[in-house]
A.B. asks: 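Questions regarding the structure given below will be posed in turn.
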Amino acid sequence: MASSTLHFFFVALLLPLTLTTATRDTCATAAPDGSDDLSIIPVNARCSPFAANPTSTSVMDTVLHMAAADSHRLTYLSSLVADKPNRTSVPVASANQLLHTGNYVVRARLGTPPQLMFMVLDTSNDAVWLPCSGCSGCSTAATAAYFNPNSSSTYSTVSCSAAQCTQARGLKCPSSSPSPPSSVCSFNQSYGGGSSFSASLVQDTLTLASDVISNFSFGCINSASGNSLPPQGLMGLGRGPTSLISQTTSLYSGVFSYCLPSFRSFYFSGSLKLGPMGQPRSIRYTPLLRSAHRPSLYYVNLTGVSVGPTQVPVDPTYLTFDSSSGAGTIIDSGTVITRFVQPVYEAIRDEFRSQVKGPFSTLGAFDTCFAADSDNLAPKVTLHMTSLDLKLPVENTLIHSSAGTLACLSMAGIPLNANAVLNVIANLQQQNLRILFDVANSRLGIATEACN
């Protein structure tokens, strides 16, 4: 069990004070005590190196832009089927399915001496990967996010004979049989539009606060063609053997939690906590379920949804968890707005509309928008799970236009081109909540917290 995980995060209540102190840079790469800063940063926020004129667009426009990629994200999630032939998978998926849906990034350090990296947080991916220096065809933006193997004295490649080469999905040895023992475990993948990329499985030292993790395995992207890869790396927190959580089980006991800041929080960041220490004591749990069909995903047993005092009548077959088919409800950090299978969403939407003064209009992914002066009439939405009822705060249920004249129900149905049996509790509905994953004990904890 790690003893230094308490150094991983800023205390949210202290953040406003740090903003008024001229001597403290709120985007500094280290915490005040000198330890690594595992802040979670909205990709368009001030402290993100990937934000392009982040203050030039409204929160509504930002969410609409990110939510537009949800259909690709949902298609990616539905592709995560065990032993499915020809799937697009680790270390990276199709640029449209995964790479452009990084809503939050975390700081991490790799190599000796440590190199600062910004990586997308992804609970539904098993991989850790980075674009490496010299990558042909990779994005030229934010080049500081590129890992330089030549600058690290502890860097090494993974050979075909290593166990990690068989554990990492999509990675393979040269087609010649038998392949030389010294052959590098490599990856070549084609995806839509004639684009492709290649990578190698490598190892180096990962430093998190005072914890030094030797021989940490990750994918090193060295070439790409077609659609340019974005500059962020990927920090996979899924259940697979190559994820951060699986590679550090002896250190963090399969426990992690995050608190996602609101997309409105241009100046603030949330936090990632690794290991049992420092986790909230006052927290409610629901069982984490595992699907043999989609083993990487974190399922919960959603039993119903209430709008205000009314439990919405839905056919339970649309919510029932089915391990063999992969049907059910997952919690995911990469989808923007919570999505329900169409009959469930329509029942929720219709009950919501019956309790709010119309008329209603459509804006992007949102089909229930109304005059904001009626938002005080908007009922709260409650997600009922086994042993846990999550009553969503109003700010997790409504999204407002920049002028403040329009409010929209920030949920939607599953798009027709995505998997029709998978409900997704997305990051907009997780904001300002501490979400704790206890993989070893198969449970998910949720507690309110001011992440901003």
Side-chain angles (χ1 to χ4, degrees), residues 27-30 34-38 48-50 90-92 95 99 102 105-120 122 125 127-165 167-168 170-174 179-189 195-236 242-244 247-248:
C27 293
T29 59
S35 63
D36 271 6
D37 169 13
L38 285 189
S48 168
F50 310 108
V90 178
V92 290
L99 300 181
V105 293
V106 294
R107 296 184 179 105
R109 295 177 186 274
L110 277 166
T112 306
Q115 300 176 39
L116 176 65
M117 301 291 143
F118 289 85
M119 309 177 77
V120 170
D122 193 343
N125 203 295
V128 179
W129 62 262
L130 286 164
C132 288
S133 59
C135 176
S136 174
C138 288
S139 172
T140 57
T143 54
Y146 282 38
F147 177 71
N148 187 351
N150 295 328
S151 297
S152 174
S153 62
T154 48
Y155 169 86
S156 65
T157 57
V158 175
S159 72
C160 286
S161 59
Q164 293 91 327
C165 193
Q167 291 176 342
L171 291 159
K172 60 183 181 181
C173 290
S179 57
S182 59
S183 296
V184 175
C185 188
S186 61
F187 177 89
N188 290 282
Q189 179 68 60
S195 300
S196 64
F197 57 82
S198 65
S200 300
L201 186 64
V202 302
Q203 293 183 332
D204 211 328
T205 298
L206 174 66
T207 304
L208 299 173
S210 59
D211 299 326
V212 177
I213 304 161
S214 301
N215 301 318
F216 184 80
S217 300
F218 59 97
C220 184
I221 308 295
N222 47 55
S223 69
S225 64
N227 293 333
S228 179
L229 296 178
Q232 304 100 325
L234 177 73
M235 181 68 76
T242 57
S243 74
L244 171 67
Q247 290 195 61
T248 58

A.B. asks: To the nearest 0.5 angstrom, please state how far the SG atom of Cys132 sits from the CG atom of Asn222.
C.D. replies: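 Output value for this atom pair is 7.5 Å.
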
A.B. asks: May I ask you to decide if the ring planes of Phe147 and Phe218 are parallel, tilted or perpendicular, using 30° and 60° as cut-offs?
C.D. replies: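 Perpendicular: the ring planes of Phe147 and Phe218 meet at over 60°.
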
A.B. asks: Hey, could you give me the CD/OG1 distance between Gln115 and Thr207, rounded to the nearest 0.5 Å?
C.D. replies: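 These two atoms lie 11.0 Å from each other.
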
A.B. asks: Which atoms form the tightest heavy-atom contact between Cys138 and Ile221, and what is the distance?
C.D. replies: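 Nearest pair, atom of Cys138 first, then Ile221: SG-CG2, 4.1 Å.
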
A.B. asks: If I compare all heavy atoms of Ser223 with all of Cys135, which pair ends up nearest, and what's the gap?
C.D. replies: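 What the structure gives for the nearest pair is N-SG, 3.6 Å.
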
A.B. asks: What residues form a side-chain hydrogen bond (donor to acceptor under 3.5 Å, both in side chains) with Gln247, not counting sequence neighbours?
C.D. replies: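 Listed in chain order: nothing, the list is empty.
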
A.B. asks: Taking atom CG of Leu244 and atom CG of Leu206, what is their separation to the nearest 0.5 Å?
C.D. replies: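 Going from CG on Leu244 over to CG on Leu206, the span is 6.5 Å.
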
A.B. asks: Applying side-chain hydrogen bond (donor to acceptor under 3.5 Å, both in side chains), name anything that partners Asn148, two or more places apart in sequence or on another chain.
C.D. replies: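 Ser133, Ser151.
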
A.B. asks: List the residues meeting side chain to side chain contact (heavy atoms under 4.5 Å, CB included) with Pro113, not counting sequence neighbours, and say none if there are none.
C.D. replies: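 Partners of Pro113 by the side chain to side chain contact (heavy atoms under 4.5 Å, CB included) criterion come out as none, since no residue qualifies.
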
A.B. asks: Measure the spacing between CD of Gln203 and OG of Ser152 and express it to the nearest 0.5 Å.
C.D. replies: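 Atom-to-atom, Gln203:CD and Ser152:OG are 12.0 Å apart.
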
A.B. asks: Measuring from Leu234:CG to Met119:CE, what's the distance to the nearest 0.5 Å?
C.D. replies: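 The CG atom of Leu234 sits 6.5 Å away from the CE atom of Met119.
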
A.B. asks: What pairs with Thr112 under side-chain hydrogen bond (donor to acceptor under 3.5 Å, both in side chains), at least two apart in sequence or on another chain?
C.D. replies: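 For Thr112, the residues satisfying side-chain hydrogen bond (donor to acceptor under 3.5 Å, both in side chains) (neighbours in sequence not counted) are Thr154.
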
A.B. asks: Are Cys165 and Cys185 within a span of less than 2.5 Å, counting SG to SG?
C.D. replies: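 The sulfur gammas are closer than 2.5 Å, so yes.
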
A.B. asks: Would you compute the distance between atom OG1 of Thr248 and atom CD1 of Ile213 and round it to the nearest 0.5 angstrom?
C.D. replies: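 One gets 5.5 Å once the value is rounded to the nearest 0.5 Å.
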
